[in-house]
Novice: 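Quick one: the structure is below, questions incoming.
Every chain is numbered from 1, with letters handed out A, B, ... down the list of sequences. Atoms considered below: every heavy atom in the structure, side chains included; atoms not considered: hydrogens, waters and symmetry mates.
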There are 2 protein chains.
Amino acid sequence: MSIVETADAEGTVSLHQRILSDISERIMSGAWAPGHRIPFEHELSTQYNCSRMTVNKALSQLAKAGLIERRRRSGSFVRRPQSQAAVLEIHDIRIEVEALGLPYRYERVARHKRRSSAEDRALLEQGVAGPVLALECGHFAGERPFAHEQRLINLTAVPEAADEEFVVIAPGPWLIGRVPWSEAEHRIRAVAADRHIAVALDIAAGAPCLVVERRTWSADHPVTHVRFTYAAESHTLVARFRPSQG
Amino acid sequence: MSIVETADAEGTVSLHQRILSDISERIMSGAWAPGHRIPFEHELSTQYNCSRMTVNKALSQLAKAGLIERRRRSGSFVRRPQSQAAVLEIHDIRIEVEALGLPYRYERVARHKRRSSAEDRALLEQGVAGPVLALECGHFAGERPFAHEQRLINLTAVPEAADEEFVVIAPGPWLIGRVPWSEAEHRIRAVAADRHIAVALDIAAGAPCLVVERRTWSADHPVTHVRFTYAAESHTLVARFRPSQG
DNA sequence: TGTTTTAATATGTATATACATAATCGTCAT
DNA sequence: ATGACGATTATGTATATACATATTAAAACA
C-alpha cells in the first residue's frame, strides 16, 4: 500500500492529501534526494495558500511513513531508504484456490486433544504445560492436494476450540474473527518432503516444498501454531513492496 | 510495528497518542469485539476533557491503520481482521550473514552486457528491447555458499551500471541509494536445484531451495530483476505480523 | 578567546470554530 | 405501504490561534 491514497473518480482529494502526494512524488522520483531539506511548513502553507495545520498534517504523515525526518528548528529532511520491507498478504487458502478457478475442498485428517508436550510448548512458545488441540488437515484444489496443515491450538487461550470437531470448518477461518490477535510471526522456508508430507501432498519423498509457519499471540498469550506445507509447483507467495516504513 | 508509539522514559505521551493506545488496547484485548461501536468523538472528547479535534486525530489514525471503520452519521466500529498482512524485512545478504557470526564473501561469477532477449523482457516486464546487464554472483558465509544471485539490470534506466564491473561491490548495495525505487514485487517459492544451481550452492541436484525473486520499478520504469536462490538449510525468511492495514 | 545566556525559529500539540458531506430518521403526502 | 423530502447527526476537512519544546544562532560576559 502506498501512503498516497488513490483519488476517487472525480479526482477530489483533500488538500493535505495533495500536499502529501506532491512531496512523496518528488521524493520517489529522486527529484528530492535523501538529505534534501524540504520547504518549511510556513513556506508550504504560503505555496498552497493554506494554514500551517494543513501542511503539518501532511508532513506528520510523511514522517510517520518514514519518508522524511523532522528536526525542530532545522526543518524536514528526506530520509534515505532504510530497511526494505515488503508486505506479504496472507490469504485464506480457500480464497487462493478459488482464485485459481478450482473447486476447493477441505478435509480434517486427524484431531487429538492432549496435554502439551515439550515439543508442543516449543512450537507455541508456551511457558507451562496445558491442554492443546493438535489438528492435521488437507486442503485440495480440485482433485489435487494443495496444502497440508499441521496445527496446534492452545486450549488455555481458546477453550471453545475443544468443543469443535473441525470437520466442516477449517481451523483458520474458525479462529479468525473469534480470537483477536495482537501479534504473529511467520517463518518461510523450503524443505524436502518427508514420507508423511509426500503421501499427504501426493508428491515424491524428497521433493521441494514451501513451508509457511505462523505463530499467533493474543495479548501475550500464545494462541496457535500452524505449519502449511505446499508442493513446490503449486504455490508462490507474492509480496508487494513498501518503500519507506521507519 | 505497532501503531501505538512507545512512550519515552518519563512516560510523557501526547493526549491523542494516549487516546489512540487506550482504544487500540481495548480492541486488541478483545474487550471491544469486531462490530462494536466505539464512543462518538464528542463522547470521547468529554471523557478525556479535550477538544473533538484531538479525538479526531486519534480515531483517524486508528481508521488508517485499519483497526476501526468510520461511518458518517453512524459512528466508528471495530473492524474484523481482514486481509492478514505480514511485513517481510528484506535485509542485505551481507548483514544477514554477518548476523550469523560468519565472515561474508562476495564473488562476481559472470557479467554480460547484451540487448534484452524476449526472456529478459519478460523478467523485467520491459516493453521494448534495450541494453541490459546480466550478472551472476555468489554470496558466501564462511567457506559455504549462502546464496546465488542472478540479476538483470535495465541499462536504459540505469546507464551508469554499464561502467561498473561489480567485482568488488555487489549489485544490490550498488543500486540501493543510487536508484530511487518506487515500487517492487517479490515472489517467493520452493524449487528443486537444477544442475547449475547445485554446483553454485554445492548441494545435490534436486535438493530443495528457497527462491526469492524481486522486480523493481522506479517511476514506472523497470530497473532490475533479481533472483536469489538459497539452499534449504541455510535460510528462513522471518516476517513480523501486522494486524490491520486497510 | 572561550563560555554562558538569551533570543530566534521550526516543529509539536491542542483549542475553538466553521462549514462540508454522507447517512439515517421521521414526517408527510401519495 | 411506499416514496420523497427535509431535519438531524457524526464524521471530514480546514482555519486561526496559542503555547510548549527542542535546537540553533547570536549576543553578552568572563
Novice: Starting at the 5' end of DNA chain D, which residue's closest nucleotide do you reach first, Arg71(A) or Arg52(A)?
Specialist: Arg52(A)
Novice: Can you check the Phe40(A) CZ to dT23(D) C1' distance for me, whole Å?
Specialist: 12 Å
Novice: Which nucleotide in the list dG12(C), dT15(C), dG12(D) gets nearest to the side chain of Thr54(B)?
Specialist: dT15(C)
Novice: Met53(A) CE to dA18(C) P: how many Å, rounded?
Specialist: 17 Å
Novice: Given atom CG of Asn49(A) and atom C1' of dA16(D), what is their separation to the nearest angstrom?
Specialist: 14 Å
Novice: Taking only the side-chain heavy atoms of Ser14(B) (C-beta and beyond), determine which of dA10(C), dG12(D), dA14(C) contains the nearest atom.
Specialist: dA14(C)
Novice: Is Arg72(B) side chain donor-acceptor paired with the dT21(C) base, going by distance under 3.5 Å alone?
Specialist: yes
Novice: Check if the side chain of Arg73(B) and the base of dT24(C) share a donor-acceptor pair of N or O atoms closer than 3.5 Å.
Specialist: yes
Novice: Using a heavy-atom cut-off of under 4.0 Å over every strand shown, decide if Leu15(A) touches base, sugar-phosphate, or nothing.
Specialist: sugar-phosphate
Novice: Could you work out which one of dA18(D), dT13(D), dT15(C) sits closest to the side chain of His16(A)?
Specialist: dT13(D)
Novice: With a 4.0 Å cut-off on N to O distance, would you call Glu43(A) and Arg37(A) a salt bridge?
Specialist: yes
Novice: In whole angstrom, give the distance that lies between atom CZ of Phe77(B) and atom C1' of dT11(D).
Specialist: 12 Å
Novice: Using a 4.0 Å heavy-atom cut-off, does Ser60(A) contact any base of the nucleic acid, only the sugar-phosphate backbone, or nothing at all?
Specialist: nothing
Novice: Aromatic ring centroids of Tyr230(B) and Phe146(B) under 6.0 Å?
Specialist: yes
Novice: Just to confirm, is there a sub-4.0 Å distance from OP1 or OP2 of dG12(C) to any side-chain nitrogen or oxygen of Arg70(A)?
Specialist: yes
Novice: Do Phe228(B) and His235(B) have ring centres separated by under 6.0 Å?
Specialist: no
Novice: Quickly work out the Lys64(A) NZ to dT11(C) P distance and round it to whole Å.
Specialist: 18 Å
Novice: Between the side chains of Arg215(A) and Glu185(A), is the shortest nitrogen-to-carboxylate-oxygen separation below 4.0 Å, so that they form an ion pair?
Specialist: yes
Novice: Using whole Å, what does the distance between atom P of nucleotide dA10(C) and atom CZ of Arg37(A) come to?
Specialist: 8 Å
Novice: Any chance you could measure Thr54(A), atom OG1, to Gln17(A), atom CD, to the nearest 0.5 Å?
Specialist: 12.5 Å
Novice: Start at the 5' end of DNA chain C and walk down; is the nucleotide closest to Ser74(A) or to Asn56(A) reached first?
Specialist: Ser74(A)
Novice: What is the distance, to the nearest angstrom, from the NZ atom on Lys57(A) to the P atom on dT15(D)?
Specialist: 11 Å
Novice: How many whole angstroms separate atom CD of Gln61(B) from atom C1' of dT13(D)?
Specialist: 16 Å
